[in-house]
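Reading through the structure tokens given below for one structure.
Proteins get letters first, then strands, A, B, ... in listed order; numbering begins at 1 in each.
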Amino acid sequence: MTGSTGVLGALAAHLLGAGGLVLPHLNYSTILPELILLGGMLVILAASALSPRPLPTEVYATATVGLGIASLIASLVLWRDVTSHGAFTAIARSIDVDGFAVFFLVVVSCILIVAPMFAAGYLRREGITGCEYYVLALISGSGAMFMASANDLILIFLGLEILSIPLYVLAGLDHRREASGEAAMKYFVLGAFSSAIFVYGIALTYGATGSTNLAEIGAFLSRNVITSNGVLLGGLALLLVGFAFKVAAVPFHMWTPDVYQGAPTPATGFMAAMAKAGGFAALLRVFVSTFPTLRTSWQPVVWVLAILTLVLGAVVAIVQNDVKRMLAYSSINHAGFVLLGLEAATARGIAGSLYYVFVYSLLVLGSFAVVAAVGGNGDADHDISRYRGLGRRRPVLAVGFAILLLAQAGAPFTTGFFSKFYVVEAAVAAHSYALAVIAMGSAGVAAFFYLRVVFVMFSDVGIAGASDVSRGGGEIARAGAVAAEVREQDATLLGGAGASAVATLVAPAYVAAPELAPEGTPSEPEVSVSPWVTTGLVLCVGATLVFGIWPQPLVDFAHQATLIF
Amino acid sequence: MSVHASWYLTLAALLFTIGAVGLLVRRNVLVMFMCVELMLNAANLTFVTFARALDDIGGQVAVFFVLVVAAAEVVVGLGIIVAIFRRKVGATADDAHMLKG
């Protein structure tokens with residue numbers, strides 16, 4: 001007892017002796033976007049608890065979109081400050097306000113504007129009431145924002161957890177489906193594992209450099225030439241592993257397909273966009289701006305990660321019959337492309353990565369929204385056979401999905417083309433020729449499985465017959481057959497020959513189909529699309545096309561963001 | 001008598017390894033959670049040791065953040081476990097095997 005009072009007394013005396021506790025100056029305007037999201041989240045939560053009748057999900061969706069727009073405006077105001085006054089740090093130097101941070105604030109705001117639109121239609125269809133999705137999405141978004149603007153490893157860790165913990169819950173949102181719960185558990189266990197690794201990495205880095213502040217670590221490393229400090233390199237390696245788990249880089253990707261497949265589809269789209277945005281924001285900042293002096297140590301590791309991620313993501317996606325799972329592997333492939341920019345570690349590479357993350361976020365959100373619509377009630381069946389004839393039944397939806405898929409494949413006149421072009425160009429400029437070639441090869445492989453879905457949507461019988469047969473027979477044989485079929489058409493499709501080419505190519509497959517088609521093919525599933533989803537898709541597809549044809553504004557934005565760093 | 005910092009660091013590294021191996025080897029989800037806690041506390045021990053060695057308060061403050069986050073994580077994790085295993089007998093990770101491919 002006396003001991004504890006003695007300690008307290010000494011502590012008080014110490015604080016008073018040092019002139020009292022010095023509180024940092026809190027410049028709230030620098031974290032205004034985060035505060036808008038968190039404040040709005042509390043209001044939504046209170047409104048849902050206090051309202052006498054359950055509010056319809058559209059009310060929450062509207063509020064979330066409004067908050068997204070508000071945080072977008074706040075981010076743009078910060079952008080104006082940064083461009084006119086230059087980058088600065090705030091709140092005891094733990095918050096960085098620079099172009100890089102503001103870029104990700106804008107990306108996160110855009111995700112939060114689009115994601116609720118896709119969720120509203122789905123949640124109504126599935127009868128999931130309540131405000132949970134929106135509240136969790138807002139918390140998660142604020143975490144991603146903190147990760148982007150953090151200037152301290154501890155704040156990055158806090159941001160990472162604020163980002164991740166709501167995502168675990170989102171994965172298990174549909175508690176009536178067993179798969180959803182399983183996805184949540186897998187995500188949680190591996191997410192907690194990666195967080196623990198990440199914290200240990202911070203601890204080792206702190207021990208080696210004497211600070212968790214990124215600026216101080218950078219200053220320490222530029223004062224002292226450290227090339228082979230085991231503690232520091234170990235910390236760096238653990239940090240990289242922690243980030244690699246979050247952004248789903250191979251070999252730390254094993255949770256991704258299961259979680260993406262099991263989670264409710266709008267939650268999948270949201271986590272695919274948000275976790276990658278937050279994860280890459282912190283990954284790029286920590287490695288490029290804080291540890292540039294150790295580049296020779298981490299660059300080869302990132303090189304290996306990038307190659308594994310690019311190749312495995314593309315190759316394994318080919319053999320997937322489940323479109324949701326295929327998109328999960330394709331998102332792994334995309335992570336490889338962003339790593340390309342990190343590996344280059346040049347201003348051009350970082351600008352390419354930033355641009356890629358922005359483009360990817362909207363593409364993946366839109367794609368999963370279509371998957372949610374086609375998946376039908378219960379979110380159970382995402383087999384590629386459900387997409388057969390979608391072009392005839394829902395032409396506009398199918399065309400929208402086709403544009404999103406082609407953009408992911410890197411087709412010209414879409415944002416996807418430029419995003420791939422910039423990171424590969426940066427890799428070439430940094431003399432990573434092997435990596436650039438492998439990236440292009442993986443893009444070619446990836447184009448195949450995107451085009452396969454596009455082809456199934458616009459061909460009524462051909463591939464679908466083959467797909468049904470394969471379910472009984474050997475999966476690989478079918479994949480091979482489809483591969484051969486579609487590969488022939490790749491060139492023509494990409495050449496822009498369009499519908500007539502598809503029609504002529506469908507003909508031979510159609511002839512072969514009747515004897516292949518088994519008895520009792522399931523009747524064509526109904527696909528209903530709510531106006532909310534339509535609005536969101538129009539935004540995603542519109543952005544893909546507009547910035548694909550007129551890329552300059554977005555490219556300039558990414559480029560300027562890396563200049564003010 | 002003071003114990004050299006390297007002993008604490010070695011202990012922390014050992015605890016971290018035990019936690020990491022345990023998480024990968026054990027099949028009971030609750031034991032897996034405990035392994036995560038072990039890993040986080042190993043990191044905490046490392047923080048405190050370095051804080052003392054460097055004579056810097058920052059490392060000790062970091063421990064508070066890690067503790068709070070660990071508590072929040074466990075709350076969510078146990079919630080997820082309860083939601084899944086309400087209709088099942090045991091909490092074995094291998095029982096959750098719907099998603100694969």
Side-chain angles (χ1 to χ4, degrees), chain A residues 152-155 157-158 160-162 164-166 168-169 171-172 175 177-193 195-213 216 231 234-235 238 257-262 316 319-322 325, chain B residues 5 9 12-13 15-16 19-20 23-24 29 32-33 35-51 53-56 58-59 61-66 68-70 72-81 83-88 91 93 95-101:
Chain A
D152 193 296
L153 285 173
I154 291 297
L155 189 57
F157 170 64
L158 288 178
L160 186 74
E161 291 300 309
I162 300 172
S164 306
I165 292 178
Y168 307 149
V169 186
H175 51 83
R177 279 194 310 120
E178 216 174 306
S180 182
E182 185 180 328
M185 196 190 73
K186 283 185 171 167
Y187 198 12
F188 174 77
V189 169
L190 283 168
F193 183 52
S195 299
I197 292 175
F198 188 73
V199 173
Y200 197 55
I202 297 177
L204 293 183
T205 312
Y206 167 72
T209 60
S211 174
T212 53
N213 189 290
E216 281 177 28
V231 175
L238 292 174
D258 287 356
V259 172
Y260 281 21
Q261 190 187 357
V316 182
V319 295
Q320 302 301 323
N321 256 343
D322 185 305
R325 211 173 168 83
Chain B
L9 294 180
L15 286 175
F16 186 81
L23 187 124
L24 297 173
V29 183
M32 289 163 92
F33 276 20
C35 290
V36 169
E37 292 300 303
L38 204 56
M39 292 168 75
L40 287 171
N41 281 322
N44 283 343
L45 186 56
T46 313
F47 265 125
V48 173
T49 309
F50 278 132
L54 297 163
D55 196 19
D56 177 60
V61 175
V63 171
F64 284 101
F65 287 104
V66 177
V68 170
V69 166
E73 221 168 38
V74 165
V75 168
V76 170
L78 289 179
I80 291 172
I81 287 198
I84 294 180
F85 291 103
R86 214 162 13 187
R87 292 192 203 85
K88 291 189 178 177
D95 290 348
H97 52 66
M98 279 181 72
L99 302 168
K100 58 188 161 201

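Taking chain A as the reference chain and counting heavy-atom pairs below 4.5 Å, the highest number among B:Ala70, B:Ala53, B:Ala51 is found for B:Ala51. Interface remark: of the candidates B:Thr49, B:Asn41, B:Val61, B:Thr46, B:Thr46 forms the most heavy-atom pairs closer than 4.5 Å to chain A. Contact tally against chain A (heavy-atom pairs below 4.5 Å) for B:Gly59, B:Gly58, B:Ala62, B:Gly79: the top residue is B:Gly59.
If you take CZ on B:Phe47 and OG1 on A:Thr212, they are separated by 7.0 Å, rounding to the nearest 0.5 Å.
Both the backbone and the side chain of A:Tyr206 come within less than 4.5 Å of a heavy atom in chain B. The contact between B:Ala20 and chain A is made by backbone and side chain atoms together, counting heavy-atom distances below 4.5 Å. Residue contact with chain B, scored on non-hydrogen atoms closer than 4.5 Å, is absent for A:Ala171. Contacts between A:Phe157 and chain B at a heavy-atom distance below 4.5 Å involve the side chain alone, from C-beta outward.
Residues A:Phe193 and B:Leu24 are in side-chain contact: their nearest non-hydrogen atoms beyond the backbone lie under 4.5 Å apart.
Taking each heavy atom of B:Ile80 and A:Gly181 in turn, the nearest pair found is CG2-O, 4.3 Å. Residues B:Glu73 and A:Tyr168 come closest through the heavy atom pair OE2-OH, 4.3 Å. The nearest pair of heavy atoms linking B:Leu54 to A:Gly210 is CD1-CA, 3.6 Å. Here the shortest heavy-atom pairing between A:Met185 and B:Val29 reads SD-CG2, 3.8 Å.
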Would you be so kind as to tabulate the donor-acceptor pairs closer than 3.5 Å made by side chains of residues 195-205 of chain A, with sequence neighbours excluded?
residue, atom, partner, partner atom, Å
A:Ser195, OG, A:Glu161, OE2, 2.4
A:Ser195, OG, A:Gly191, O, 2.9
A:Thr205, OG1, A:Gly201, O, 2.7

